[in-house]
2 protein chains.
Amino acid sequence: MNRTGRSAVSSEKRGKSLTEQAYAILRERVITGVLPPGVDVSEPELADQLQMSKTPVREALARLCVEGLMEAFPRRGYRVTPVTLKDMDDLFAVRGVLEGTAAALAAQSLTEDELDALDRLADASYIVGEDVSTKTFVTSNETFHSAIAQGSRNPRLHSLVMSHLEECARLFYMGTRIRDINPETINDHHRIVAVLRQRDGEKARLAMIEHNENTRKGLFAAMVANPQPGISL
Amino acid sequence: MNRTGRSAVSSEKRGKSLTEQAYAILRERVITGVLPPGVDVSEPELADQLQMSKTPVREALARLCVEGLMEAFPRRGYRVTPVTLKDMDDLFAVRGVLEGTAAALAAQSLTEDELDALDRLADASYIVGEDVSTKTFVTSNETFHSAIAQGSRNPRLHSLVMSHLEECARLFYMGTRIRDINPETINDHHRIVAVLRQRDGEKARLAMIEHNENTRKGLFAAMVANPQPGISL
DNA sequence: AAATAGATATGCCACGTAGTATACTACTGG
DNA sequence: CCAGTAGTATACTACGTGGCATATCTATTT
């Protein structure tokens, strides 16, 4: 088998396979809340919906199980992983550590161009302002955080940050009052870029951890004010 | 679908399905070096070896790909993920952060019984002493680190620590001179338990990070002294 | 050197198997 | 006669097999 100059599936751009499609669609549905936590899904039902055989659906579900977005009950079916307050706490705890580390490393290796790009990304988040939809907020937020994580020059760390970011995004789609945490988020972002420009790793770590804590608080407040189905508090 | 009192597949003890079997066998082969980094594997070949159809093999390979132990090349095949020096550096960097955090949290929540158990685990590592086989060393080491990570009371963090620990174990099986890093490891372990007993989270974090750094250095030294196939330095 | 044919890999599917939960029935005890 | 329970039938579910189609790589031929 010759692989010279070829990339593995994880970095393939044109994911044409049905398995990839099913995975992308189902993951999107889980994250955006179309498939809320706790609901049951079955292979034949999804295969019918997605107009494909059960096999690609099955493989997509298996992948989602590994990532923790779904749970498999052998011989019985699948369920979208329920979310508890403890889970959310744990998630944000790990995310803070990972992103804090990424920011500390990024402070020492980000180029000037990348820092400028970060400024623009933070501004873009600001521009959308008040009536920002959840989707645009999540997308813009992910781009910003991803850029910093990539600045760590540690692909493994970047990948971990991204997967945790996506799980947080799932929570954003549940906490409907995005506006409540938005302005603080923008300020945090700008402050993070500022300390990154100072090349101060420890300051950057602390700024990122504090930002993480702020979003956690805002999200939790929005959630208790607006309880969601499938979330045990 | 009724799930009262039932557990998901991830926590099922009796993994009877062929997919689970194939996954366990292949993962073991990759970690222990029976399948060294860089070698090609194919579904039909493995299906023949494991006396099963291609489907369970395929799902096991997919799972290994998600975990990063294998790479998928669409329409062409699979390959055991090659290991580079950069990858190892990145791995240890992330591992240090994760385990350091776990230790810091564990310092505040480990019970006296659990601390006693940790002492015994550290002693068990010591007893095996000089002529320790790689497998017993890896197993004992994993048990010790797992117990601390579990003390963080953060299942997500524990799971991440374990997966990284297993990837490190894979490197241990390659760096054949386990003896070179063994005594230092035992001392580190005892020191970690000591600071955990002091309930000092920051000390525990630092001790764990230093231990991580020591094993990294020892492993790298053993590797340059004894180059392995499939590892680009 | 370019084109082509063969070999081999995955991607996908239809079908059969086996395990599980539920609904129904029959039986038992009051 | 009724209530409750044990057993059974059925209708789901995932699991696994084998085969076909298609894409890719290699070796050969023009």
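So that the names make sense, note that chain A is the first sequence line, chain B the second, and so on, each numbered from 1.
- Separating the CZ atom of B:Arg76 from the P atom of D:dA23 is a distance of 15 Å, rounded to the nearest angstrom.
- Among A:Leu64, A:Leu61, A:Val80, the single residue meeting the side chain to side chain contact (heavy atoms under 4.5 Å, CB included) criterion with A:Leu69 is A:Leu64.
- B:Phe73 places its CZ atom 12 Å from the P atom of C:dG11, with the value rounded to the nearest Å.
- Ion pairing between A:Arg216 and A:Asp89 holds under the 4.0 Å rule for side-chain N and carboxylate O.
- The distance between atom NZ of A:Lys54 and atom P of D:dC12, rounded to the nearest whole Å, is 13 Å.
- Put simply, the side chain of B:Glu20 never gets that close to the backbone of B:Ser17: no donor and acceptor are under 3.5 Å apart.
- No donor-acceptor contact under 3.5 Å links the side chain of A:Lys16 to the base of C:dG11.
- Residues passing the salt bridge (Lys or Arg N to Asp or Glu O under 4.0 Å) test with B:Arg170: none are found, sequence neighbours excluded.
- Heavy-atom contacts from other residues, nucleotides or ligands closer than 6.0 Å to NZ of B:Lys135 number 12 or fewer.
- Distances shorter than 4.0 Å separate none of the side-chain N or O atoms of A:Arg58 from OP1 or OP2 on D:dA14.
- What separates CD of A:Glu71 from C1' of D:dA14 is a distance of 16 Å, to the nearest Å.
- Between B:His211 and B:His145, the side chains place a donor N or O and an acceptor N or O closer than 3.5 Å (distance only, hydrogens not considered).
- Residue B:Ser53 places no side-chain N or O under 4.0 Å from the OP1 or OP2 atom of D:dG16.
- Not one side-chain nitrogen or oxygen of B:Tyr78 sits closer than 4.0 Å to the OP1 or OP2 atom of C:dT8.
- As rounded to whole Å, 15 Å separates atom P of C:dT8 from atom CG of B:Asp40.
- By the 30° and 60° cut-offs, the orientation of the rings of A:Phe220 relative to A:Phe92 is perpendicular.
- Put simply, CG on A:Leu18 is 15 Å from C1' on D:dA23, counting in whole angstrom units.
- Taking every heavy atom of residues 43-52 of chain B and every atom of DNA chain C, pairs under 4.0 Å involve B:Glu43, B:Pro44, by number.
- Mapping A:Glu59 and A:Arg75 onto DNA chain C by nearest heavy atom places A:Glu59 closer to the 5' end of the strand.
- Within 4.0 Å of A:Thr55, counting heavy atoms only, lies at least one base atom of the nucleic acid.
- Residue A:Ser42 has no polar side-chain atom (N or O) positioned under 4.0 Å from OP1 or OP2 of D:dC12.
- Rounded to whole angstrom, the span from the CD atom of A:Glu20 across to the C1' atom of C:dC12 amounts to 14 Å.
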